[in-house]
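Each chain gets a letter, A, B and so on, in the order its sequence line appears, and its residues count up from 1.
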4 protein chains.
Amino acid sequence: MTSPASGRPLRADALRNRAKVLAAAEEVFAVQGTSASTEEVARKAGVGIGTVFRHFPTKESLLEAVLVALLERLAAEARGLRSADDPGAAFFGFFGRVVAQAAAKQAVTEALAEAGVDARQATGRAGPDLKAALGVLLGRAQEAGAVRADVGAGEVMALLAGMSYAAGRAGAREDVLRIAFDGLRPREAPDRPGAPG
Amino acid sequence: MTSPASGRPLRADALRNRAKVLAAAEEVFAVQGTSASTEEVARKAGVGIGTVFRHFPTKESLLEAVLVALLERLAAEARGLRSADDPGAAFFGFFGRVVAQAAAKQAVTEALAEAGVDARQATGRAGPDLKAALGVLLGRAQEAGAVRADVGAGEVMALLAGMSYAAGRAGAREDVLRIAFDGLRPREAPDRPGAPG
Amino acid sequence: MTSPASGRPLRADALRNRAKVLAAAEEVFAVQGTSASTEEVARKAGVGIGTVFRHFPTKESLLEAVLVALLERLAAEARGLRSADDPGAAFFGFFGRVVAQAAAKQAVTEALAEAGVDARQATGRAGPDLKAALGVLLGRAQEAGAVRADVGAGEVMALLAGMSYAAGRAGAREDVLRIAFDGLRPREAPDRPGAPG
Amino acid sequence: MTSPASGRPLRADALRNRAKVLAAAEEVFAVQGTSASTEEVARKAGVGIGTVFRHFPTKESLLEAVLVALLERLAAEARGLRSADDPGAAFFGFFGRVVAQAAAKQAVTEALAEAGVDARQATGRAGPDLKAALGVLLGRAQEAGAVRADVGAGEVMALLAGMSYAAGRAGAREDVLRIAFDGLRPREAPDRPGAPG
DNA sequence: TATGAATGAGGCTTCATTCAT
DNA sequence: TATGAATGAAGCCTCATTCAT
């Protein structure tokens, strides 16, 4: 997602501008919600409004780019945990960090929801990419017995979106996450200290 | 919520119009989101734009009224289940129906979120009312051993909002609810180290 | 100006309502300017908006009625001074009181201006009536040598409107009136008792 | 007053548009009063409504700009007469021309009134500037014995506003001005071409 | 006749998008 | 390519006026 739809690679300065705009948009939308004006984004980025529209021909496309960037970052983080020592901790840790981020940036929640809506469309490859990376974490956690076997990546994505929403709007956080985590754990309490023989 | 803020009760025809507007708003906001125009609401209600503003002097006040109406309806339903035979079924059934509604009406989710944000403010008494009614269902379900004892109404509200969001946006539904419900049920092995972090 | 244009005399209660509306309009327009809403007038009068429009079919007609009432009152006061002992004092005193009133009620200035615009039209008989009454005061003051002989009632009306405006908007009052009064006095008789007040 | 509040000077074409809008506003407000619509101003200026709001973010700010422009023009004219040969003629001539202008442009009267209301606030520096320039003309005319010594610039401003109002609304003009001028002249030197012999 | 609810034109303002500089 | 001025559709809201109760 670093070149324009047209194909041709951007000049270095144009690329830099694109990045500035994207960063500004991320922050502005995070703070003011997605109804913030494009002008505001331009101001924050220190470029003219025309430059914003040159890189993102539509406000919607700008919004999409922000969501894609967020999803890509999450996917990258998930991929980095692919071979963590403790698969359960990796999975739950990742889940928790995403929700914490979402509490601060509404756009994260939207990105997750968007990605969940069938995991294609607007966000292009980013949704499926995240889902795949999350699927790997999930699989390993399931193999390790830390997560019940009968849930799939799709459900976890949805749960993630829901918890992110709850974290951002409704005042809860840890308490609600605890419920979701317990719901994700194996019912039988497989091999965990403290369970019956 | 059937008389205007000003005082004196409305004439029968005015009351009818108020209801028409409210119903139209509910539907319009459900379908198009809360950014739908007031004009659209008026059109759907079959009244002039002036009539909408006579009853709800601000778009915000109209939105609030819609949310309050939704919350009141949910609270009423919850209160109706106060003495249901099977407290567990009552609680989980209610939870599930709310989420199902939310899948169709985005406004329900917003109402829940709004209500959760400390349960006062914009939605007035409606938020706390729902929380209280839900608390009763929860308490009985807990007494009956159908729900774990260490969760409160606030967390359930937040979970409800999150699940509603997930249901409406991310494509899931029953599968995700299953996880949440399992998380709410008492563990077979009550005390167990390892909470989310 | 106590019966409707239609002819038929009003019932006692209707007449009372008309008066209430007129009084309310006078006060509301005085305080908020002529852009105050008709609804506000109805509220102040304690009647329904429909009643206001029954008596004054147009906002403009209501405004006119207010102006006419003011002019009639001024004309009546002027007529009451017709045979005052000191014609000069009567003339200047009247002038000063009108200006003082105008400082508080913007509508007075508008009434005078309206009346001056040819002294007919909108305000009907009221403009000419005031002009005539003022003319009498002026004539006697001129005969008594208190006012220069080469000014007519029309010019005095215009001067009155101008001073009223100045008094209401620009911060002046007595100082400016003094200039106008000196301008009205005969050149030949420099010092003379009776200053503005 | 040729650059926007924001800072940086406007591009040539933008400056031209700003001027067009201002001129149009001046004319529209002159003819229809200050309640004329912004849309009308845009139409008259031959620009889109958005352009008007880009230069003047509020209707009030547009109105203010018009008043300021008028006051500045008057102040400039007054300053140009600072060293006129005949101070009396300069003073009275200026006074008369202002009133004549006001007869055509209602906005002039409002500008003067606004400026008189303490000579600050809305019109910023423009009010005091005019008052100062007028004060110079007045002072020289007083030194030359053409104007009585016991009036100040404030009173003259107020008188100017009043006469402007009278000229625009009440039908008078020269006759009324004559009264005001006589009121301004020194009492002691009734008929006077050029001063004492 | 009185009431006040209903109406809708019209006003102000915002903002995504286009285009001349 | 970058800039930011210009555009105008569209949104919210007010208010004079009409009309059913």
Side-chain angles (χ1 to χ4, degrees), chain A residues 10-11 13-14 17 21 35-43 46-62, chain B residues 4 6 8 10-18 21 35-42 45-60 62, chain C residues 10-11 13-14 17 21 35-43 46-62, chain D residues 4 6 8 10-18 21 35-42 45-60 62:
Chain A
L10 287 174
R11 273 171 22 188
D13 58 342
N17 264 346
V21 168
S35 68
S37 78
T38 314
E39 191 95 32
E40 187 68 30
V41 171
R43 197 155 32 234
V47 303
I49 181 71
T51 301
V52 174
F53 275 90
R54 161 166 290 271
H55 287 292
F56 306 96
T58 276
K59 186 186 177 178
E60 202 190 342
S61 72
L62 173 59
Chain B
S6 71
R8 191 161 1 169
L10 284 176
R11 260 162 39 184
D13 58 339
L15 211 73
R16 225 175 305 127
N17 263 344
R18 201 192 126 96
V21 169
S35 68
S37 80
T38 314
E39 202 99 26
E40 187 67 30
V41 171
V47 303
I49 183 69
T51 300
V52 175
F53 277 92
R54 160 169 278 268
H55 288 290
F56 306 96
T58 278
K59 189 190 171 175
E60 203 190 342
L62 174 59
Chain C
L10 287 173
R11 272 170 23 187
D13 59 340
N17 265 347
V21 169
S35 69
S37 77
T38 314
E39 191 94 31
E40 186 68 30
V41 172
R43 197 154 33 233
V47 304
I49 181 69
T51 301
V52 174
F53 275 89
R54 161 167 289 271
H55 287 292
F56 305 96
T58 276
K59 187 186 175 177
E60 204 191 341
S61 73
L62 173 58
Chain D
S6 72
R8 191 166 353 174
L10 284 175
R11 260 160 39 182
D13 57 340
L15 210 72
R16 227 175 303 128
N17 263 344
R18 201 193 126 95
V21 168
S35 68
S37 80
T38 314
E39 202 100 26
E40 186 68 29
V41 171
V47 303
I49 182 67
T51 300
V52 175
F53 277 90
R54 161 168 279 267
H55 288 291
F56 306 96
T58 278
K59 189 189 172 177
E60 202 190 343
L62 173 59

Worksheet item: Looking only at heavy atoms, what is the nearest atom pair of A/Val52 and A/Ala42, with distance?
Response: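 It is CG2-CB, 3.7 Å.
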Worksheet item: If you take all heavy atoms of D/Phe53 and D/Thr38, which pair is closest and at what distance?
Response: CE1-CG2, 3.5 Å
Check whether any side-chain N or O of [X] sits under 4.0 Å from OP1 or OP2 of [N], and answer yes or no.
X	N	answer
A/Asn17	F/dA2	yes
A/His55	F/dT1	no
B/Thr51	E/dA5	no

Under the rule for side chain to side chain donor-acceptor pair (under 3.5 Å), what residues qualify as partners of [X], not counting sequence neighbours?
X	value
B/Arg16	none
C/Glu60	none
C/Glu39	none

Worksheet item: In whole Å, what is the span from the CG atom of B/Leu15 to the P atom of E/dA6?
Response: 10 Å
Practice prompt. Applying side-chain contact (heavy atoms from CB on, under 4.5 Å), name anything that partners C/Phe56, two or more places apart in sequence or on another chain.
Written response: C/Arg18, C/Val21, C/Leu22, C/Ser61, C/Leu62, C/Ala65
Worksheet item: Distance from B/Asn17 atom CG to B/His55 atom NE2, nearest 0.5 Å?
Response: 5.5 Å
Fill in: Reported OG-to-CD distance for the pair D/Ser35 and D/Glu40, which is rounded to 0.5 angstrom
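The CD atom of D/Glu40 is 11.0 Å from OG of D/Ser35, to the nearest 0.5 Å.
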Worksheet, complete the sentence: B/S/- along nucleotides 13-21 of chain E (protein heavy atoms under 4.0 Å) is BB-SBB---
Worksheet item: With Watson-Crick and G-U wobble geometry limited to distances under 3.5 Å, how should the secondary structure of DNA chain F be encoded in dot-bracket form, using | for bases paired to another strand and [ ] for crossing pairs?
Response: .||||||||||||||||||||
Discussion item. With nearest nucleotide decided by heavy atoms, which residue, A/Gly48 or D/Gly48, maps closer to the 5′ end of DNA chain F?
Written reply: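 Comparing both residues, the 5'-ward one is A/Gly48.
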